[in-house]
Engineer: 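Submitted below is the structure of interest, expressed as structure tokens.
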Amino acid sequence: MRTLIRNGTLVNADGRQKADLLCEDGIIRRIAPQIDEPSDRVIDAAGCYVFPGFIDTHTHLDLDLATMSTADDFASGTRAAVVGGTTTVLDFATQDRGMTMQDALEKWHDKADGKSSCNYGFHLAVSEWNDDRKAEIDRMIEQGVTSFKMYMVYPNMRVDDGMIYDALRFTEEKDCLIGVHCENFDLLNARIDELHKAGRFDPMAHAESRPDAVEAAGVSTLMKAAYLADAPAWVVHLSCEASLEEVENARGRGVEVYVETCPQYLVLDQELYNAPDAEKFIMSPPLRHAFDREALLNALKDGTVDFIGTDHCSFTMAQKATGNGDFAKVPNGGAGIQNRAEIVYTAAVKTGYIDPERMAALLSENAARIFGMYPKKGVLMEGSDADIVVFDPDAPHTISYRTNLHNCDNSPFEGMMVLGKTRDVLLGGELVVKDGELIRPNCGKFVFRNRSERPRK
């Protein structure tokens with residue numbers, strides 16, 4: 001199958017050009033100012049940006065929390081993802097205590113294989129760090145899993161600071177990355193207890209229990225551990241100015257830090273915890289203040305932030321209600337897998353913080369380089385995989401869970417007007433989304449990832 005994309009503006013992290021693009025057998029074969037070769041399909045991209053397929057670095061699909069599972073599994077979540085222009089998701093295969101990493105990886109393959117409408121890879125979320133887990137790292141690398149995650153919070157997943165330090169040091173020579181959910185566990189629990197004793201169980205107390213200082217304290221600990229280990233560290237879902245300051249200080253000391261943020265922290269406000277449906281905004285870290293949003297938008301511009309994931313972890317309102325009015329018991333997470341590109345375009349490109357090239361870096365190329373997929377993915381280049389997004393920059397519409405494809409009766413972005421939209425998506429050279437409609441589901445494949453390129457080393 002030969003597909004020709006004509007008349008578009010091709011956008012990579014290092015520049016854009018008016019050019020045609022020809023793909024065949026899943027690969028970009030030719031890029032030129034004008035291509036007149038015979039093709040099975042011609043896509044007219046006049047007036048549109050043509051981006052490398054977007055990579056979502058942070059999703060939680062079909063995650064079992066013992067009492068419930070997330071509303072989206074790989075079938076529904078990846079349908080929503082690909083319609084929004086995401087051609088690869090990196091989900092967290094979770095190693096529960098008593099389980100091996102191999103058990104977790106096989107479990108996540110069972111969840112995803114044959115059910116995914118975009119490509120997928122796995123980070124390995126680790127609940128234990130000991131000699132047995134260390135012994136599995138090389139086997140994970142052999143199977144294309146080269147990044148890992150640890151938590152400073154959540155009793156069932158939490159590892160201590162010494163374990164984080166040792167894991168950073170152990171994986172550094174293997175060019176693997178460890179991401180950490182950074183919040184100070186003891187400060188968080190003390191604040192929850194304090195708020196409960198004061199009779200506070202409302203959603204706003206969620207934000208007050210986890211203020212920016214709680215997150216920044218966790219980031220500071222990770223930065224010091226990475227400094228001592230002389231190893232890279234990845235700060236997942238960074239949400240506030242105070243944490244950016246910790247990162248900038250660490251980089252000034254020579255620490256190799258990779259930073260991820262999420263769309264919700266660019267456009268939503270802490271005051272939403274006063275809304276009638278405030279439980280849908282309970283996520284960790286919580287929504288922040290206007291000055292934090294401004295700081296993050298500037299951090300997109302100046303290069304402090306490396307990539308943008310969604311932290312898509314969806315729950316229905318009935319699932320949220322199982323907290324019985326106690327913010328500390330409400331399932332944490334929100335839906336966003338479909339709307340990332342249009343939110344970033346609206347909030348950051350149209351407002352002048354970044355240009356389309358920087359959008360390509362934040363949503364595609366940087367993630368591909370950092371997570372071992374470049375140059376097969378993350379770039380429009382001859383020889384690269386034909387995962388391609390045709391993005392219409394003049395397609396205003398309103399976000400709603402009613403039109404999103406995720407399996408959830410709410411959206412944190414409900415009613416938000418956005419100014420651009422994914423029009424067409426090619427996955428491995430096959431047209432899977434046409435005019436915003438999914439026409440070929442379940443075409444996703446597992447992405448075997450190499451070791452990190454470590455561009456900040």
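For the single chain, residues carry numbers from 1 onward in sequence order. As the structure is a prediction and not an experimental result, all values here were calculated from the model.
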Engineer: Would Y49 and V389 count as a side chain to side chain contact (heavy atoms under 4.5 Å, CB included) here? Give the steps.
Structural biologist: CA-CA 8 Å; Y49 292 125; V389 174; over 6 Å; no
Engineer: For F315 versus C408, what's the shortest heavy-atom pair and its separation?
Structural biologist: O-SG, 3.1 Å
Engineer: If you compare all heavy atoms of A112 against all heavy atoms of F122, which two are closest, and at what distance to 0.1 Å?
Structural biologist: CB-CZ, 4.1 Å
Engineer: Once rounded to the nearest 0.5 Å, what's the spacing between atom CD of Q319 and atom OG of S314?
Structural biologist: 7.5 Å
Engineer: Can you name the nearest heavy-atom pair linking P286 to Y265, along with the distance?
Structural biologist: O-CE2, 3.3 Å
Engineer: Supply the atom-to-atom distance S239 OG to L266 CG, rounded to the nearest 0.5 angstrom.
Structural biologist: 10.5 Å
Engineer: Can we say E342 and K421 salt-bridge, meaning some charged N sits less than 4.0 Å from an Asp/Glu carboxylate O?
Structural biologist: no
Engineer: Using the side chain to side chain donor-acceptor pair (under 3.5 Å) rule, pick out the option among R133, K134, R139 that qualifies with E136.
Structural biologist: R133
Engineer: Given the rule in the side chain to side chain contact (heavy atoms under 4.5 Å, CB included) test, do I399 and N404 qualify, once you have shown the distances and angles that lead to the verdict?
Structural biologist: CA-CA 8 Å; I399 294 174; N404 277 352; 4.1 Å; yes
Engineer: Restricting to non-hydrogen atoms, name the atom on T351 and the atom on T346 that form the minimum distance, rounded to 0.1 Å.
Structural biologist: CG2-O, 3.7 Å
Engineer: Taking atom types as modelled, is there a side-chain donor on D175 or S452 under 3.5 Å from an acceptor on the other?
Structural biologist: no
Engineer: Only one of T310, D311, N332 clears side chain to side chain donor-acceptor pair (under 3.5 Å) with H60; which?
Structural biologist: D311
Engineer: Is there a salt bridge (Lys or Arg N to Asp or Glu O under 4.0 Å) between E256 and R456? Walk through the geometry before answering.
Structural biologist: CA-CA 6 Å; E256 182 186 345; R456 289 190 178 271; over 6 Å; no
Engineer: Between R6 and D36, does the salt bridge (Lys or Arg N to Asp or Glu O under 4.0 Å) criterion hold? Intermediate values first, please.
Structural biologist: CA-CA 9 Å; R6 304 188 64 181; D36 294 319; 3.6 Å; yes
Engineer: If you count the non-hydrogen atoms of other residues, nucleotides and ligands that lie under 6.0 Å from NZ in K174, is the total more than 12?
Structural biologist: yes
Engineer: Is there side-chain contact between V153 and R158, with at least one heavy-atom pair below 4.5 Å?
Structural biologist: no
Engineer: Would you indicate whether the side-chain heavy atoms of V418 and Y345 approach each other to under 4.5 Å?
Structural biologist: no
Engineer: Are L168 and L222 side-chain neighbours, meaning at least one heavy-atom pair lies under 4.5 Å?
Structural biologist: yes
Engineer: Are T86 and T59 packed together at the side-chain level, in the sense that at least one heavy-atom pair is separated by less than 4.5 angstrom?
Structural biologist: no
Engineer: Do side-chain atoms of T398 reach the backbone of G415 as a donor and acceptor pair under 3.5 angstrom?
Structural biologist: no
Engineer: Counting distance only, does the side-chain N/O of Q95 pair as donor-acceptor with the main-chain N or O of S127 below 3.5 Å?
Structural biologist: yes
Engineer: Would you say that I164 contacts M152 through its side chain, given a criterion of any heavy-atom pair below 4.5 Å between the two side chains?
Structural biologist: yes
Engineer: Can you confirm whether E106 sits close enough to Q143 that some side-chain heavy atom of one is under 4.5 Å from a side-chain heavy atom of the other?
Structural biologist: no
Engineer: Kindly determine whether W234 and H123 satisfy ring-ring contact (aromatic ring centres under 6.0 Å, His included), including the steps that lead there.
Structural biologist: CA-CA 12 Å; W234 156 33; H123 312 290; 4.9 Å; yes
Engineer: Keeping R340 on the side-chain end and G85 on the backbone end, is there a donor-acceptor pair under 3.5 Å?
Structural biologist: no
Engineer: Testing the basics here: between C313 and T70, what is the closest heavy-atom pair and its distance to 0.1 Å?
Structural biologist: SG-CG2, 3.8 Å
Engineer: Answer yes or no: does atom CD of E142 have more than 12 heavy-atom neighbours from other residues, nucleotides or ligands under 6.0 Å?
Structural biologist: yes
Engineer: Side-chain atoms of residues 363-383: list all donor-acceptor pairs with protein atoms under 3.5 Å, sequence neighbours left out, distances to 0.1 Å.
Structural biologist:
from	atom 1	to	atom 2	distance (Å)
S364	OG	P52	O	3.1
S364	OG	G53	O	3.2
E365	OE2	R369	NE	2.9
E365	OE2	R369	NH2	3.2
N366	ND2	D306	O	2.8
R369	NH1	E453	OE1	3.4
R369	NH1	E453	OE2	2.5
R369	NH2	Y374	OH	3.1
K377	NZ	D385	OD2	2.9
K377	NZ	D387	OD2	2.7
E382	OE2	I31	N	2.9

Engineer: With R288 as reference, evaluate E294, E271, E215, E241 under the salt bridge (charged side-chain N to carboxylate O under 4.0 Å, His left out) test and give the passing residue.
Structural biologist: E215
Engineer: Any side-chain to backbone donor/acceptor pair from R79 onto P441? Under 3.5 Å, distance only.
Structural biologist: no
Engineer: Would you say K280's side chain and S411's backbone share a donor-acceptor pair under 3.5 angstrom?
Structural biologist: yes
Engineer: How many angstroms lie between NE2 in H181 and CE in M150, if you round to the nearest 0.5 Å?
Structural biologist: 14.5 Å
Engineer: Going through the checks in order, is the side chain to side chain contact (heavy atoms under 4.5 Å, CB included) test met by M416 and L268?
Structural biologist: CA-CA 10 Å; M416 180 179 295; L268 300 181; 3.9 Å; yes
Engineer: Checking side chain to side chain contact (heavy atoms under 4.5 Å, CB included) for the pair D277/K320: CA distance, chi angles, key distance, verdict?
Structural biologist: CA-CA 10 Å; D277 56 353; K320 290 281 189 177; over 6 Å; no
Engineer: Can a donor-acceptor pair be found, under 3.5 Å and without considering hydrogens, that links the side chain of D62 to the backbone of K111?
Structural biologist: no
Engineer: Which pair of non-hydrogen atoms, one from G429 and one from T3, has the smallest distance, and what is that distance?
Structural biologist: O-OG1, 3.7 Å
Engineer: Out of curiosity, E414 CD to D409 CG, how far, rounded to the nearest 0.5 Å?
Structural biologist: 10.0 Å
Engineer: Assess whether a salt bridge exists between D20 and R30, defined as any Lys/Arg side-chain N lying under 4.0 Å from an Asp/Glu carboxylate O.
Structural biologist: no
Engineer: For G15, does its backbone N or O pair with a side-chain atom of N12 as donor and acceptor, under 3.5 Å?
Structural biologist: no
Engineer: So does F391 get a backbone contact from the side chain of T422, meaning a donor-acceptor N/O pair under 3.5 Å?
Structural biologist: no
Engineer: With a 4.5 Å heavy-atom cut-off, do F281 and P412 have their side chains touching?
Structural biologist: yes
Engineer: Should the ring pair Y120 and F74 be called parallel, tilted or perpendicular, given that the plane angle runs from 0 to 90° and is split at 30 and 60?
Structural biologist: perpendicular
Engineer: Report yes if the side chains of V126 and K149 come closer than 4.5 Å at any heavy-atom pair, otherwise no.
Structural biologist: no
Engineer: Can any side-chain N or O of Y273 pair as donor or acceptor with the backbone N or O of L287 at less than 3.5 Å?
Structural biologist: yes
Engineer: Is a donor on one side and an acceptor on the other found under 3.5 Å between the side chain of D292 and the backbone of H289?
Structural biologist: yes
Engineer: Distance from L124 atom CG to T146 atom OG1, nearest 0.5 Å?
Structural biologist: 11.0 Å
Engineer: Kindly assign one of parallel, tilted or perpendicular to the pair H312 and H406, based on the angle between their ring planes and the thresholds 30° and 60°.
Structural biologist: tilted
Engineer: Could you measure the distance from the CD atom of E260 to the CG atom of L362? Nearest 0.5 Å is fine.
Structural biologist: 11.5 Å
